[in-house]
Amino acid sequence: MDKRVIFAVAGAGKTKTIIDKLSLEEKSLIVTYTDNNYSNLKQRVIKKFGYIPENTKIYTYFTFLYSFCYKPFLADRVKAKGIFWDMPSVETLKLARDKPSFYMTKHKLLYHNRIAKLFEQMKTNNDINSRLEKYFDNLFIDEIQDFGGHDFNFLKEITKANLNIMFVGDFFQHTFDTSTDGRTNQSLHKNYITYKKEFQKMGLTIDTESLNKSYRCSQTVCEFVNNNLKINIKSQRSDITNIINIENEEEVKMIFRNNSIIKLFFQKANTYDCYCINWGKSKGQDHYQDVCIVLNSTTLKHFKSSTLHELAPSTKNKLYVACTRCRGDLIFIDEKKIKSII
Amino acid sequence: MAIQKIKLHNFKKFETLEINCNEELNVLIGDNEAGKSTILQAIDLVLSGSRNKVESIGLSSLFSKQTIKDFFTDKQYENLPKLFIEIYLTEQNNEFLNGKNNSETRICDGLKLVFEPDDEASKDIKEILSQSDDNFPFEYYTIKFYTFAEQPYSGYKKYVQHLFIDSSQINNEYATREYIKSLYNSLLDGKEKNKHFNEYRRSKDDYVEKVLKDVNDKLESEKFVVQTNSKSNLEADLNISDNDGITIDNKGKGQQCFIKTKFALEVKAGLRELDVILLEEPENHLSHLNMKKLIKMIQTTHNKQIFITTHNSLISSRLDLKTSILLNSNSNQIMRLNNLENDTAKFFMKAPDNNILEYVLSKKVILVEGDAEYILMEALYKNVTKEELVDSDIHIISVGGTSFKRYLDISKILQIKTAVIRDNDGDYEQNITDRYNDYDGVYIKVFADSDNSRSTFEICIYQDNKALCDELFTTPKRTLTIQEYMLKNKADVAFELLDKKANEISVPTYIQKAIEWIKE
């Protein structure tokens, strides 16, 4: 029984590590947080086997929670009709934990961030573990850094199951805070060292070595991230790429209209009529060559004074995600300049 | 793949019913209206996953009448009954089948069909319930086919392959078509089927191009084609034929039934296998010989689970009686010999098969000790009631001794109304009162002469018919008293009485009471 967590840097081959472990002999379950990564994993499995083998199941985290864990054990008793994707109101935190209204809206939709808590309340965790053991030999969970709140407690429960477990993730790519709930695991992501200790307590082997070098990012990009965001990342590559800061209006126009260069915005990318996406949303994307990071006033200020590492942690992590999408040149543009040309 | 257990709740005559199944053969034996077909129908509905099938039968005919009636005593929304049929399966190693969503909240593999009120329509339902007449909101019920993992399934995505052969429907064109269709569908998966359909359509196109070309060439703008649509495709044109090319619909009823069953049982390797076969009263239309062949076929079939309903004693006694499922129209429960008390089960396994079958298939029974009572009972019945026994629904069974309790154990479960007529053997208190204390009730009554000196049937008959017997049995050479003679030659005496004096016998009071009670 091997149970481990691998902390990786961006572009080091997390997905490849999982795909390499799959075989036609063993039954494997892969759980991932985002839809992006779900379709990416599916494609990679098809690439490996030519089809999706019956012994390999890929679930997004919430499909796993709802269809694999909730439905078989609680559907008849709880009678939920689906998942509610917004955060529950703060008022509901005052409710007793044995009240259905703590877990469901009045239309019987389960609050997405409390499904894991429901399992604890209904004492379903042992059944879930037996179910995992029954149908699978290996459990892979990708993007482990996105587990917080009750979901992180649920993760602790799952690790007790008797099957091979491999979690992979990148602490600094923790950008979603959708699973928090009140004070539950509130400070989990505050500190990388204490974060790793949590996994140690679960009895997992901590591996920070095998995926600490990026295939995707060049040495240049890695150095930029190291120096400016103070996040450790090394490169497998030896080639040099460029970090470019563009201010000239004509050049800004050219980049803005160039549909082979993705524009990454801190937020509201959809209000711009160009090839673009938000920093956080770009997580899991692996197909960009050159990347243009659009800086808003706050980040621009820090960028100019070389204090990007002092950004709020969630902003810093998103910027880290954005920068590490890049295989080639990393381009920075001031958001105001873009606004001025459209 | 096998069904382990079936549970019905509020389905037709069964408010609750649980049947544990055998992995291979399950014979359901019962009289008319006992519920045999209901059980097959329940299995068929769940396994088909067809909403269409349910809707065409109608919720109102599937719901237990009694349950609906009970509901109207208070008409509260929250008491609206739910109907379910659950099929518990053997371990399938399929996560989509496995879960706790069953009435036992036990983690296992299974399928269920559930009708329950649609909560989203609760306002409309309340309105209907507030009406003064008894109007049940069937239209506001949802029909759900779910696995125990709460995964929906349907006819397209089925977990168990099954076939229902209903010989009462034989010769009905629609039923034959449905049979061929479902057999074809159960043997092939979607990919193979698509290929067949595609090739069939192409061959039609081919025909148009090669054969119809002659005429089409002579036409100017319009031309002839062969149509392909939902009424005219491979599924619609398929038929089953024997080696001589005679198709199934051109065979006699008996042959049809036989062929269908044979075809289903003998599916060769390479095709998708049928898991469950449901056979409704295969004895219909079958000759004795074909029936024997059919039985042989069923006996030698393995790796398939078969459910057969029958009221034919040949079928039930040749197939394993021990594991048969017995039903009676008086009762809403089933019985199997192996859940009777051990002694009783053993007794019936040794007893002539026909006795228990006859007993189970009856609504009302008079149990007698021996041949003499059996021979005379018809005449006694007529003398008491002025009616023929054959016109009643009462059966007479000779127990051949005093093992009445064995039968009464069955009656307790199946609620077969049973009158026991027995001798007091010289001690009414011990042999009757004490002995049957636990059995006397609504369905069971024991009748014997309370006078200890009238210890046997013959003595009672003699004492109540002295003149008649003396006349009949006195011969010059006979040294025995008439009563002694009658006790020593019970069967002969009974025949003689039946033959010569049937209408004149006056019936001993305890037998008269028994006849009156059973007839009620």
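Convention: sequence-line order gives letters A, B, ...; per-chain numbering from 1.
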* When you look at NZ of Lys42(A), are more than 12 heavy atoms from neighbouring residues, nucleotides or ligands closer to it than 6.0 Å? -> no
* To the nearest 0.5 Å, tell me how far Lys134(A) NZ sits from Ile107(B) CD1. => 8.5 Å
* Asked: Is atom CZ of Arg77(A) surrounded by more than 12 heavy atoms (other residues, nucleotides or ligands) closer than 6.0 Å?
  -> yes
* Asked: Would you say Arg131(A)'s side chain and Gly99(B)'s backbone share a donor-acceptor pair under 3.5 angstrom?
  -> no
* Portion of Tyr135(A) that has a non-hydrogen atom of chain B nearer than 4.5 angstrom -> side chain
* Check: Lys100(B) and Asp76(A) side chains under 4.5 Å, non-hydrogen atoms -> no
* **Phe68(A), part contacting chain B, at a heavy-atom distance under 4.5 Å** => side chain
* Structure fact -> All heavy atoms of Asn98(B) vs all of Pro72(A), minimum pair found to be O-CB, 3.6 Å
* Other residues, nucleotides, ligands: >12 heavy atoms within 6.0 Å of Lys82(B) NZ -> yes
* **Region of Ser130(A) in contact with chain B, defined by heavy-atom distances below 4.5 Å** => neither
* Check whether any side-chain heavy atom of Leu74(A) lies under 4.5 Å from a side-chain heavy atom of Glu150(B), and answer yes or no. => no
* What part of Lys81(A) lies closer than 4.5 angstrom to a heavy atom of chain B: side chain, backbone, both or neither? -> side chain
* Structure fact -> When rounded to the nearest 0.5 Å, the distance separating CD of Glu95(B) from NZ of Lys57(A) is 4.0 Å
* Asked: Within a reach of under 6.0 Å around NZ of Lys69(B), are more than 12 heavy atoms found that belong to other residues, nucleotides or ligands?
  -> no
* Asked: Taking the side chain as C-beta and beyond, is there a heavy-atom pair between Thr105(B) and Phe73(A) under 4.5 Å?
  -> no
* Structure fact -> Applying a strict 4.5 Å limit to non-hydrogen atoms, the region of Tyr66(A) in contact with chain B is neither
* **Nearest heavy-atom neighbours spanning Ala149(B) and Lys71(A)** => O-CB, 3.5 Å
* Enclosure of Asn135(B) CG (heavy-atom neighbours >12, cutoff 6.0 Å) -> yes
* Near Glu199(B) CD, under 6.0 Å, is it more than 12 heavy atoms from other residues, nucleotides or ligands? -> yes
* **Within residues 118-131 of chain B, residues adjacent to chain A where the heavy-atom gap is under 4.5 Å** => Glu120(B)
